[in-house]
Amino acid sequence: MLQPARFLAKPYLEARAAQTLRRYFLARPPARLPVPIEDLAETLFDLYIAWEPVEDLDDQLTLGGVRPELKELILNDRACGFFEEFPGSENYTKAHEVAHWILHVREPPASVALFDELRAPPAIVCTSREPKPQREVQADICAAFLLMPADLFLDECDQRDMSRWPTIYDFRNFLGVSISALCNRLQNLGVIRINDRKIEVLRAR
Amino acid sequence: MSQRSEFARLVRELRRNQKLSLRDLGTKANVDFTYISKIENDTYVPSTDTIHRIAAAVEATPAQVRRLIETADKRREHPVALAPAPSRDAQILLRRIYSGAVTKEQFKEMLRVVERDGTDARPRRQTAVARNGQEPLLSS
């Protein structure tokens with residue numbers, strides 16, 4: 001049901017995210033940010049968003065998971081406090097689970113009907129633990145590409161003054177991502193450089 | 001794949017037709033959005049009052065409201081037999097089975113062991129106790 005763990009290059013992860021977004025925006029135009037990831041999950045993959053209590057894994061708070069056989073994208077009820085404390089983390093977790101679905105889930109085999117009467121624990125469980133296993137890193141990267149696709153992202157950046165932290169925090173709220181994910185993306189795309197909390201703008205508006 | 005009840009599917013369909021997210025519907029119906037998720041995933045069947053609030057929020061037609069109430073009643077009459085929460089070890093095992101980490105052969109082997117334990121394994125354990133004088137292990 002899960003693809004075996006394997007190396008996936010960054011350009012491949014970006015291409016899969018871009019392909020997913022193209023399909024979504026064709027179904028739900030216009031193409032613009034923020035990406036409504038919950039609607040994308042339901043529209044493209046017919047995934048069910050399931051809020052439920054999930055056991056911790058290795059004493060780490062579980063944020064979400066995927067239950068492939070029921071096409072469920074799980075969010076942990078018990079992580080509500082975490083999601084409130086860290087703005088963007090809920091949306092990012094959803095994107096992360098969608099990325100798992102795109103990258104790591106194969107069609108469920110018929111044999112899972114063996115346990116039809118049991119609501120099995122999610123096959124993929126995601127926590128905030130470090131270091132992250134290979135699949136988790138891939139899902140994180142792909143989630144960033146899903147929520148911050150380069151072309152739309154740069155268009156939005158051009159409309160903002162990225163030299164100010166309040167603008168960056170507002171942008172984070174707008175996109176529904178974590179501040180670290182946003183700063184990584186801004187730096188990777190050469191929009192800004194951050195050094196000791198000082199912002200240097202690299203891209204002219 | 002397990003089939004969700006008609007009621008659960010109907011709630012989701014009506015919400016999606018109105019292009020509402022779980023949060024949107026939760027706000028409109030004055031119900032916690034995680035509760036809406038549990039309704040759509042067949043964990044709970046709400047009260048008739050809550051069904052009416054959800055129906056109003058998704059602008060259901062009178063026929064759709066009637067269908068919601070009928071299917072909710074049907075769902076209450078035939079509750080999903082919820083198994084007791086599996087133990088931690090069982091959860092690990094189930095997670096591995098569901099993730100495809102257990103091959104068909106390994107699964108057959110597990111069944112074979114379970115069946116053997118239920119029939120002829122017990123006498124062998126007794127033999128072991130007699131041999132070393134210690135309590136037998138209940139699981140291997």
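Order of the sequence lines fixes the chain letters, A, B, ..., with proteins taken first and strands second; residue numbering starts at 1 for each chain.
Under the 4.5 Å side-chain criterion, counting only non-hydrogen atoms from C-beta, Lys38(B) is in contact with Asp77(A). Taking 4.5 Å as the limit, every side-chain heavy atom of Thr43(B) sits out of range of all side-chain heavy atoms of Glu52(A).
Taking a 6.0 Å sphere around CZ of Phe33(B), one finds it holds more than 12 heavy atoms contributed by other residues, nucleotides or ligands. Within 6.0 Å of the CZ atom in Arg193(A), the count of heavy atoms belonging to other residues, nucleotides or ligands does not exceed 12.
The parts of Asp39(A) that come within reach of chain B are both its backbone and its side chain, each placing non-hydrogen atoms under 4.5 angstrom from that chain. In this structure, chain B has heavy atoms under 4.5 Å from both the backbone and the side chain of Glu42(A).
Of the inter-residue distances, the one linking Glu72(A) atom CD with Arg4(B) atom CZ reads 4.5 Å to the nearest 0.5 angstrom. Here the straight-line distance linking atom CZ of Arg12(B) with atom CD1 of Ile49(A) works out to 8.0 Å at 0.5 Å rounding.
One N or O on the side chain of Ser37(B) and one on the backbone of Trp51(A) form a donor-acceptor pair closer than 3.5 Å.
Residues Asp46(A) and Arg16(B) are not paired through a salt bridge, judged by the lack of any N-O separation under 4.0 Å between the basic side chain and the carboxylate.
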